[in-house]
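This is a predicted model, so every value here is computed, not measured.
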Amino acid sequence: MCASAAGLFGEDLLQRDYRRDRVVLVHVAAHPGSTTRQVALALGIPERAVVRNLDRLADDGLLVLVVDGETPTLRSYRLAP
């Protein structure tokens, strides 16, 4: 019983991450050039979680990272072409 409960808990966390990915993706689609902080504030999600979502979406090729040449630490995202 414990092993199956742990598996269900892990699956639940995974599903929550996927749902959050979709919410973040929709926000960036509607607000191209959004920064991590802007997404986090708009959606009420902790910034560290948003970073994971944005990185995962960029790794999957759905978003591209836009780096400002003058301020390389200011990263924003937009939909991939």
ask   = Same cluster for L62 and V64 if Ile/Leu/Val/Met/Phe/Trp/Tyr side chains link at under 4.5 Å?
value = no
query = V26, L57: one ILVMFWY side-chain cluster at the under-4.5 Å cut-off?
reply = no
How about [X] and [Y]: do any of their side-chain heavy atoms sit closer than 4.5 Å?
| X | Y | result |
| --- | --- | --- |
| L65 | Y77 | yes |
| L43 | V50 | no |
| L63 | R78 | no |

Locate the shortest heavy-atom distance separating [X] from [Y]; write the atom from each residue and the value.
| X | Y | value |
| --- | --- | --- |
| P32 | A29 | CD-O, 3.8 Å |
| Q38 | H27 | O-NE2, 4.4 Å |
| A40 | P46 | CB-C, 4.3 Å |
| A80 | G61 | CB-O, 3.2 Å |

task = Report the C-alpha separation of D55 and R75 in whole Å, then their side-chain angles, then the decisive distance to 0.1 Å, and conclude whether the salt bridge (charged side-chain N to carboxylate O under 4.0 Å, His left out) test is met.
result = CA-CA 11 Å; D55 286 344; R75 304 168 2 147; 3.6 Å; yes
Starting at [atom1] of [X], measure out to [atom2] of [Y] and round the result to the nearest 0.5 Å.
| X | Y | atom1 | atom2 | value |
| --- | --- | --- | --- | --- |
| E47 | R52 | CD | CZ | 11.5 Å |
| L79 | L25 | CG | CG | 6.0 Å |
| R56 | D60 | CZ | CG | 8.0 Å |

request  = Kindly indicate, with the supporting measurements, whether the criterion side chain to side chain contact (heavy atoms under 4.5 Å, CB included) is fulfilled by V39 and I45.
outcome  = CA-CA 8 Å; V39 174; I45 300 172; over 6 Å; no
